[in-house]
Every structure is written in structure tokens, then in C-alpha cells.
Amino acid sequence: MQSTLRLSSLLGAMRAFAGPVPTPPPPGRFERPAVPDDVERHLELVTSRARRSVLDPLARERGTGTVGFPRRLNLPSLYGAAAAAVQVDETTCGSAVLAMLGLAGDPRAALRIATDDPAARFVRLQHAIQSATNRHGLVVAGWPRTYGTPPWGAARFASYGGVRYTHRVAGSRALLEAAVAAARAGIPVPLYTGGDVTSGWDSAVPRHVVLLTLADGEGDEGNAVLYEPSGAGLHTVPVAALLDPPPAAGPDEAQQPTDDRTAARVRKALTAAFGGWPHVAWVLLPERVGRWRTDDSGATTEAR
């Protein structure tokens, strides 16, 4: 029998990097950051498509899409440049995710990157974020660049419209439920993905970072969208599969009944959304400061 030992499982058993699940925002639409007057004046002079790219960098207004049919996420652009929101290299998946999270919560920053050569600006932004997130390690002064972005550095840097984040090892379904609840309320959630020791210990650690941008439905129902930065893809997966990933493929799966083939399609979509990895290893969740509040229109804000 193959081992499925994961580093996140070991850390969870040791209660390392653990803690209570942060209270998610209440159901409803999170109130997006207000558009500053100077940004609004600038956007009055551009096309509606350019305006949407600045005010909706994660393309959430396009909805959740269809399972198995990923879409490409382009960077904000005022002049029609179709530059993909792709990571610079194999170490900057976390930086790309944090960059897109920040742009989604800051219209002025999104306008700045959209103004001239978005691709070049996105490269510089990723490098700047990586320097900031890797400044502090665990037992060394800095976290090695070759290991990507550490979850604690990502949580310290991450921000969406003033909402701050904390990090937890993904050792329970409750953490993923909290991530989905945040996405349903309009707050994107970075997820670290990885494998197990079947392919070696280097696969058992968090290997990739993706961004849960959107979710609909209630409970286990509905779909979710994940931004996967290595291919700049927006991948649609069922919420139920995100909470409880389907088991690994068995032999002769193509000859199995329709239900099994459907599970195979969902598993393929989920693996692609996770950047080729099978499960979530670490989660960054929005951390309450004060309490969440819902106004009469159903918009969620953070009261301090």
C-alpha cells in the first residue's frame, strides 16, 4: 500500500502552526474598496473593458465558469495589452498570487500596473514582493528564494482592501470551509498545495500557491474558481471537490461507469487548479480585526 504521508499531516498532529479557525465573514458580498476620485476620473477616459480590467483584476464579474474549461487571466491594461498574469519563474507563484490579491483590493495599484507595459510591471512587482515576504525565515535571517514564499511571510504581507491574513496548516475540513466562506463573501484566499511522500519528501512540503478567488452556492454545493499562476489560468472546480478531493485514479478508469468518469474529470480539473498537486497543504485566511459587519444592502465590511 502506497504511503500518503504529508508534512501538513505531521505538523497538524504536532499542533504546529495551528490555532483556532478565524471567524469567516458573514454571508453576503464583501464591500470592495472604494475607487479613489483620481482613479475614477482616469477611468472615465478609457473603454469599458479597460475599466473592468482595473476594477476587477481577478475577473470575478465573469462568474464561476464551467468545470474543466479554464480561462486565462490577463493583467489590468488601459490600452488593450493582453498580458497574462503569469508567475516569473518557478519560485514566484506565491509572489504572483499576492500581487493579484493586492491589485484586486487596491484600484490605484491596479491602475498603476495597467498604465504602461503591464507585463514588465508585473515582473518587477513579483520580485519586490518576494524580497518582502522572504526577509524573515524560521531559524535563519532570511528564507531562501529557491524555496519560494513561506506561508508566514505571505500572511504577513497579504492584504485585500485593508483585510489582513493569518496562516494555518491545512489539517481539517473546517479550514477549507472557512476559505470557501471567505470567497463566497468576496474575500480571495491564498492556498498552498502539495503532495505526499509517495514521490519523495520534497513533494510532501507545500510546493505551489494558488488563489481561491470566488465561490458560489451554499454548503457543499456550487462552484469555486482558483487562479493558478504558472499558467495564468482561472480554473473552475466544484466546492464539494475542494472540500473533499476525489480519491486517486484507479486502473482502467476509462472503462468505469459514468459516475467514475465524472469523478475523473473533476479530479483532473482540481489537480490542474492546484498546479499539478493533489491537495491543499496550507491556508491563508482573512483575520478579523474587531468584528465583521453586514449593512442593509448585504455588503460585508470590517468594523474595528
Side-chain angles (χ1 to χ4, degrees), residues 25 28-65 70-88 95-129 132 157-165 182-190 211-216 225-229 231-236 286 293-302:
R29 177 184 56 81
F30 183 76
E31 186 173 19
R32 295 186 184 182
V35 181
D37 290 342
D38 60 322
V39 174
E40 187 62 62
R41 287 194 297 270
H42 202 125
L43 294 179
E44 289 175 355
L45 305 176
V46 302
T47 66
S48 58
R49 180 177 180 179
R51 177 186 175 87
R52 284 195 304 272
S53 77
V54 171
L55 299 183
D56 185 27
L58 295 175
R60 291 181 289 179
E61 292 179 3
R62 290 161 57 184
T64 54
R71 301 160 289 168
R72 191 173 90 156
L73 181 63
N74 288 327
L75 295 168
S77 174
L78 295 184
Y79 308 113
V86 67
Q87 66 191 71
V88 175
S95 302
V97 161
L98 293 174
M100 293 308 297
L101 175 67
L103 295 178
D106 186 346
R108 182 172 282 117
L111 176 63
R112 189 161 52 246
I113 205 171
T115 302
D116 178 54
D117 199 351
R121 287 178 177 266
F122 195 51
V123 168
R124 292 194 293 271
L125 181 57
Q126 288 182 59
H127 287 317
I129 290 174
F157 184 90
S159 176
Y160 173 74
V163 175
R164 306 300 301 181
Y165 289 75
R184 281 174 170 154
I187 306 176
V189 176
L211 185 64
L212 175 57
T213 68
L214 181 67
D216 60 16
V225 178
L226 292 98
Y227 159 58
E228 194 285 297
L234 292 173
H235 296 262
T236 302
R293 178 183 64 201
T294 303
D295 64 21
D296 293 338
S297 69
T300 301
T301 58
E302 189 178 17

Going by the rule salt bridge (charged side-chain N to carboxylate O under 4.0 Å, His left out), which residues pair with E44 if we only count those two or more places apart in sequence or in a different chain?
none
Would you confirm whether R121, through its side chain, and D116, through its main-chain N or O, come within 3.5 Å as a donor-acceptor pair?
yes
Under the ring-ring contact (aromatic ring centres under 6.0 Å, His included) rule, collect the residues that match up with F122, sequence neighbours excluded.
none
Short question: side chain of Q126, backbone of I129 - any donor-acceptor pair under 3.5 Å?
no
Answer yes or no: does atom CG of D38 have more than 12 heavy-atom neighbours from other residues, nucleotides or ligands under 6.0 Å?
yes
Is it true that a side-chain atom of S95 and a backbone atom of H127 form a donor plus acceptor pair closer than 3.5 Å?
no
Determine whether I187 and Y165 make a side-chain contact, defined as any pair of heavy atoms from C-beta on separated by less than 4.5 Å.
yes
Using atom types as modelled and distance alone, determine if a side-chain donor or acceptor of T213 lies under 3.5 Å from a backbone N or O of P188.
no
Nearest heavy-atom neighbours spanning P57 and M100:
O-CE, 3.6 Å
How would you list, by chain and number, every residue that makes a side-chain contact (heavy atoms from CB on, under 4.5 Å) with A82, sequence neighbours excluded?
R72, N74
Search all heavy atoms of A59 against all heavy atoms of L234 and return the closest pair with its distance.
CB-CD1, 4.0 Å
Any donor and acceptor pair, going by atom type alone, linking the side chain of R60 with main-chain N or O of G186 inside 3.5 Å?
yes
Side chain proximity check, L55 to L43, heavy atoms < 4.5 angstrom:
yes
L58/L101 under side chain to side chain contact (heavy atoms under 4.5 Å, CB included): CA gap, chis, key distance, verdict
CA-CA 8 Å; L58 295 175; L101 175 67; 5.8 Å; no
CG of L103 to CG of L75, rounded to nearest 0.5 Å, is 8.0 Å
Shortest non-hydrogen separation from P190 to V97 and the atoms involved:
CB-CG1, 4.0 Å
